[in-house]
Amino acid sequence: MSCRSGRDNTCDRTGQRHRPPGRPRLPGDNDCNHHRHPCHTCDYVMPSSVFHYRSSVTRPTIRPTRSFEYYRQMVSISQTNLRLAVGNCQSLQLHFEQGLLEKVYMNIDRALIADVLADVEVGSEVTIGGWIRTVRASKGGFSFITLNDGSCMDCIQVVADKELGNYDDEISHLTAGCSLIVCGEVVESPGKGQRVELHGREVRVIGLADAEKYPIQPKRHTFEFLRTQAHLRARTNTFGAVARVRSAMAGLIHEYFQSRGFLYVHTPVITASDCEGAGELFRVSTLDLDALPRDDESNIDYAEDFFSRPTYLTVSGQLEAETYSCALGNVYTFGPTFRAENSNTPRHLAEFWMIEPEMAFCDLQGDADLAEDFLKNIFAGILNKCPADMEFFNKRIDNTVIETLTHIAESPFERITYTKAIELLEAADCKWQFPVSWGIDLQTEHERYLTEETFKKPVIITDYPSSIKPFYMRLSDDGKTVAAMDVLVPKIGEIIGGAQREERLDVLTERMEAQSMNVDDYWWYCDLRRYGTVPHAGFGLGFERTIQFATGMANIRDVIPYPRTPRSAEF
RNA sequence: UCCCCGAUAGCUCAAUUGGUAGAGCGAGCGGCUGUUAACCGCUAGGUCGUAGGUUCGAGCCCUACUCGGGGAGCCA
């Protein structure tokens, strides 16, 4: 058997161990590149798409129990895919023997339910794979199976006739959660609620799910319960939709920046600097916590640690992004961020994703302009890219999301200074729990009033007092405020925090010292101001908060696959 | 971390305020059906979050803890 079979890990040619494509290298792996070469028996070259698609994850394997004729029929269903997969091979039989057709069957020849429901013509033959949502079985006639494969919100209805060979043994016992591969004809549906349905010519049961134990029952579940089943919750309508919107939104964000010439910079996850003083940090260490090395004064000896100094998980890539911005112009980061704060709210995570653009030769106005244009693009884009999922959120989660996103995309954000905001709050007919006066940090109640009551749309507040903002924000000529801006949106509150950076070395070091920081630790950051300094600005956008806002999902733990929060890191 | 609320069947909840546990959904079996949150009947399923305490008696009252939710702070 060839090393390309995927079952035999030893190459019959080189004798080396063959690491399946996609699986990370493990100790003992000695990669064989044989599979990249033309097949020595038939000159076949495996298309790269096949390799990319192969997953290392163990999954059910369809044994080639069918006749060769059967596979040829299967393959004839989609000639395009056949050509892609089989290329210039001389003999289908040969590849069948080598297990290749099995791969075709498992990897490429599967149609997506989204495509079948939307595009595929009545009368076509397709093969789909998915997980059962509901079954309505009949002892007499046939069963209706609704199947979902995650490609879209909707399920396809599979009609399984009792004439099928495995009807009594298998199909009549199917329950929610079972996985199937179904091959059949797309027919017009006489029932309501769908354009087409699939008449199963073969319904192959791949994996069973014990109905007594399977947690995702065909009924309404609370999000609290589904959080305890995070490994299975993607099989529900809501979390499938969240996953699709999240992915689409990540794509939109990259598209936005890439199409405007922003460079994607990968800033480090492990950092030695507590860059903004932005809250508690997670420590990164290889020291033995039960036997910490001590120096002469019995302090912990970090010289013994992996990096020979205290290190942490990043709370922001901003400072590093600034360095690249001051060389390459416009850059952005998009990566994980970690905060060890003991925050227990529906808007906080210990591990979340943040987008941080940074622009050289840019001031606060340019920064705010980008923030507004960016949000409008993303929100308009997601309505355009995920209409069915957004429809679902609007119908089942929050019936204002589509209206709100449309409104945001079309109308300008409100822009006011901090000073003006304070005036508005002081004049408001409200009893504040936290009294309002110039110099205070705005509280949630104040932010919500401005964005939900006064303006009823996103508000950009600029020019905050320097005393409540970090050292790197540019000091204004009045000496009292800094060139900071926050974008506030209804319900979520602060979704973006940004600023024009202090580009004057003397002012910067003065402010660092005023905040009791050790300037020497930031020598490289100060170098930017020492050598060819330039006005620059940027902001940070919470990815999960953006998804929350776009979907209407109330709890941030439900818009990330595996939320990390205090006392909670299951899965 | 602070304040408030909650934890009862696989899930969502109820139990007349201290008298020994019930419904819907889900599941199993049977019936019916081009059905689509299908429908009808029957059946199974619970050390009432954990540990103490009060009481003749605790799901219910008290204390502590654990977990979950909401609000606040910190922030994105």
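Sequence lines set the chain letters: A, B, ... in the order given, protein chains first and strands last, and positions in each chain run from 1.
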Hey, what are the protein-to-nucleotides 38-44 of chain B N/O distances that come in under 3.5 Å?
| from | atom 1 | to | atom 2 | distance (Å) |
| --- | --- | --- | --- | --- |
| B:A38 | OP2 | A:R136 | NH1 | 3.4 |

Check the interface with nucleotides 5-13 of chain B: list each N/O to N/O pair with the protein under 3.5 Å, or write none.
| from | atom 1 | to | atom 2 | distance (Å) |
| --- | --- | --- | --- | --- |
| B:G10 | N2 | A:Q217 | OE1 | 2.7 |
| B:G10 | N3 | A:Q217 | NE2 | 2.9 |
| B:C11 | O2 | A:K219 | NZ | 2.3 |
| B:U12 | OP1 | A:T222 | OG1 | 2.9 |

Atom pairs, N/O to N/O, protein against nucleotides 1-4 of chain B, distance under 3.5 Å?
| from | atom 1 | to | atom 2 | distance (Å) |
| --- | --- | --- | --- | --- |
| B:U1 | OP1 | A:N342 | ND2 | 2.8 |
| B:U1 | O4 | A:N342 | O | 3.3 |
| B:U1 | O4 | A:N344 | ND2 | 2.9 |

Please tabulate, for side-chain N and O atoms in residues 439-452 of chain A, each donor-acceptor pair with protein atoms closer than 3.5 Å (sequence neighbours left out).
| from | atom 1 | to | atom 2 | distance (Å) |
| --- | --- | --- | --- | --- |
| A:Q443 | NE2 | A:D441 | O | 3.2 |
| A:E445 | OE1 | A:Q433 | N | 3.2 |
| A:E445 | OE2 | A:Q433 | N | 3.0 |
| A:E445 | OE2 | A:F434 | N | 2.8 |
| A:H446 | ND1 | A:Q443 | N | 3.0 |
| A:H446 | NE2 | A:F434 | O | 3.0 |
| A:R448 | NE | A:E452 | OE1 | 3.4 |
| A:R448 | NE | A:E452 | OE2 | 3.1 |
| A:R448 | NH2 | A:E452 | OE1 | 3.3 |
| A:R448 | NH2 | A:E452 | OE2 | 3.4 |
| A:T451 | OG1 | A:K457 | O | 3.0 |
| A:E452 | OE2 | A:K491 | N | 2.8 |

Without placing hydrogens or testing angles, list every side-chain donor-acceptor pair under 3.5 Å for residues 112-124 of chain A, not counting sequence neighbours.
| from | atom 1 | to | atom 2 | distance (Å) |
| --- | --- | --- | --- | --- |
| A:S124 | OG | A:E121 | O | 2.7 |

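Here the P atom of nucleotide B:C74 and the CG atom of A:L349 are 18 Å apart, to the nearest Å. Straight-line distance from the CD1 atom of A:I461 to the C1' atom of B:C75: 15 Å, rounded to whole Å.
Residues A:F374 and A:F257 bring their aromatic ring centres within 6.0 Å.
Of the candidates A:V182, A:I181, A:D149, A:R110 forms a side chain to side chain contact (heavy atoms under 4.5 Å, CB included) with just one, namely A:D149.
With P as the reference atom, B:C42 and B:C56 are 44 Å apart, rounded to whole Å. Taking atom C1' in both B:A76 and B:U8, one finds a spacing of 39 Å when rounded to whole Å. B:A9 and B:C65 are spaced 25 Å apart, taking the P atom of each and rounding to whole Å. B:U50 and B:G6 are spaced 16 Å apart, taking the C1' atom of each and rounding to whole Å. For the P atoms, the distance from B:A58 to B:U20 is 12 Å, rounded to whole Å. Rounded to a whole angstrom, the distance from the P atom of B:C62 to that of B:G68 is 24 Å.
Nearest heavy-atom pair across A:N330 and A:A360 is OD1-N, 3.7 Å.
Taking the six-membered ring where the residue is Trp, A:W353 and A:F334 present perpendicular rings, their angle passing 60° and hence far from 30°.
A:R396 CZ: 12 or fewer foreign heavy atoms inside a 6.0 Å radius.
For A:R347, there are no salt bridge (Lys or Arg N to Asp or Glu O under 4.0 Å) partners at least two apart in sequence or on another chain. Legend: residues meeting salt bridge (Lys or Arg N to Asp or Glu O under 4.0 Å) with A:D367, ordered by chain and number and at least two apart, are absent. Judged as a ring-ring contact (aromatic ring centres under 6.0 Å, His included), and not counting sequence neighbours, A:H407 has no contacts.
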Please test A:E255 against A:K385 for salt bridge (charged side-chain N to carboxylate O under 4.0 Å, His left out), starting from the C-alpha separation and ending with a verdict. CA-CA 13 Å; A:E255 262 174 60; A:K385 214 167 174 181; 3.5 Å; yes

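Within the 4.0 angstrom heavy-atom criterion, only backbone atoms of the sugar-phosphate kind lie near A:Q443; the bases stay farther away. Residue A:G191 is classed as a base contact, given a heavy-atom separation below 4.0 Å to a base. Within 4.0 Å (heavy atoms only), A:T337 reaches no atom of the nucleic acid at all. As judged by a 4.0 angstrom heavy-atom cut-off over every strand, A:R133 is placed among residues making no nucleic acid contact. No contact: A:H173 has no heavy atom under 4.0 Å from any strand.
Listed by first then second residue, pairs satisfying ring-ring contact (aromatic ring centres under 6.0 Å, His included) with a partner in residues 201-222 of chain A read A:H221-A:F225, not counting sequence neighbours. Here salt bridge (Lys or Arg N to Asp or Glu O under 4.0 Å) pairs that include residues 554-571 of chain A, with residues two or more places apart or in two chains, are A:R227-A:D558, A:R233-A:D558.
Glycosidic conformation of B:U17 is syn; the angle stays within 90° of 0.
Checking A:T565 against A:T345, the closest nucleotide of RNA chain B that is more toward the 5' end is the one next to A:T565. The residue among A:F352 and A:E197 whose nearest nucleotide of RNA chain B lies closer to the 5′ end is A:E197.
Defined by atom type and a distance below 3.5 Å, a donor-acceptor pair is missing between the side-chain atoms of A:E358 and A:Y324.
In this structure, A:R204 does not pair ionically with A:E170, as no charged nitrogen and carboxylate oxygen lie closer than 4.0 Å. No salt bridge links A:K480 with A:D463; every basic N to acidic carboxylate O contact stays at or beyond 4.0 Å. Salt bridge status for A:R246 with A:D389: absent, with no side-chain N to carboxylate O gap under 4.0 Å.
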Watson-Crick or G-U pairs under 3.5 Å in RNA chain B, rendered as dot-bracket with [ ] for crossing pairs and | for another strand: (((((((..((((.....[..)))).(((((.......))))).....(((((..]....))))))))))))....

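Taking a 4.0 Å limit (strictly below) on heavy-atom distances, residues 146-158 of chain A reaches RNA chain B at A:Q157.
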